[in-house]
Amino acid sequence: MKRYLLFGLVLLLMLTGCKKNENQIVMVTEAGFAPYEYYENGEIVGVDIDIAKEIADYLGKELVVKDVAFDSIINEINSGKASFGAAGMSITPERLLEVDFSIEYVVSNQVVMVRDDSDITKDKINGKKIAVQLGSVADSYAEDNYKDSEIVRQKKYLSMVEDLKAKKVDLIIMDNLPAMEIVKENSGLKILDGYLFSDSYGIAVKKGNTELLNDINTVLRRLMDEGKIEEYIINHSE
Ligand code: ARG
């Protein structure tokens, strides 16, 4: 009898714990990626948060932003812990097998960051020690293209920057705007001319959640028509 009571109690706790607040919508991101998502005075802000706020407004809900490791974002969406992911996330064929993406809202380039005094060029990367964010498009690109390189996968760009400065790695491959923000904030680093490849960002939802996806696309189209995304980028790049 006692056992059943305990079981019932645990079940009840689980159910109430899972109960979602209908007035809120949860967005998931990895908030170490200025200007798209970063901390300012203990609060997560950035281009993706500005966009997400517009989406929440459109739905008449309050936005909740959840910060996780980048390679956990898809799982957060698919397990229902978050309704959508906005993380400067590139639309790729592999990710499209796991989630649905909105229309693209940013075109980005993947660039190479090195120390100021480095003599590395874009065609001399193979064999060098490369840092990338775990699960990023840079991660798979490095894996496929630089067979002689050691690839150091980190959860946070900040750790990669520390490693680059300390000469524990030779270069970082990452998205151009966030790379520019890092170079602005840290002396002794530079971005090589040109880029390795281009990618486009989309907002991710659970496969088949077309209702939310349509709403997100409506908001994104309006924001792009009004030039708001460029405005957000400028505001968060100062
Ligand atoms: N655009 C790259 C990708 O999708 C990197 C995104 C990293 N975003 C972040 N919030 N940490 O793989």
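Order of listing sets the numbers, starting from 1, for every ligand and every atom in it. Count residues from 1 along the sequence. All values below were derived from every heavy atom in this structure, side-chain atoms included, with hydrogens, water molecules and symmetry-related copies excluded.
- Scanning for ring-ring contact (aromatic ring centres under 6.0 Å, His included) contacts around Tyr39 gives an empty result, with sequence neighbours left out.
- Donor-acceptor pairing under 3.5 Å is lacking for the side chains of Asp175 and Tyr36.
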Throw together a table of side-chain donor-acceptor distances under 3.5 angstrom for residues 160-170, partners on residues two or more places apart or in other chains.
unit_1 : atom_1 : unit_2 : atom_2 : d
Asp163 : OD2    : Gln154 : NE2    : 2.9
Lys165 : NZ     : Asn186 : OD1    : 2.6
Asp170 : OD2    : Lys129 : N      : 2.7

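- Listed as neighbours of ligand 1 are Glu30, Phe33, Glu37, Phe70, Ala87, Gly88, Met89, Ser90, Arg95, Gln133, Ser136, Val137, Tyr157, Asp175, Asp199, Tyr201, each bearing a heavy atom under 4.0 Å from the ligand.
- With no hydrogens or angles considered, a side-chain donor-acceptor pair links Gln110 and Asp199 at under 3.5 Å.
- Glu98 and Arg95 are not joined by a salt bridge, as no carboxylate oxygen comes within less than 4.0 angstrom of a charged side-chain nitrogen.
- Residues meeting the ring-ring contact (aromatic ring centres under 6.0 Å, His included) test with Tyr38, sequence neighbours left out: His236.
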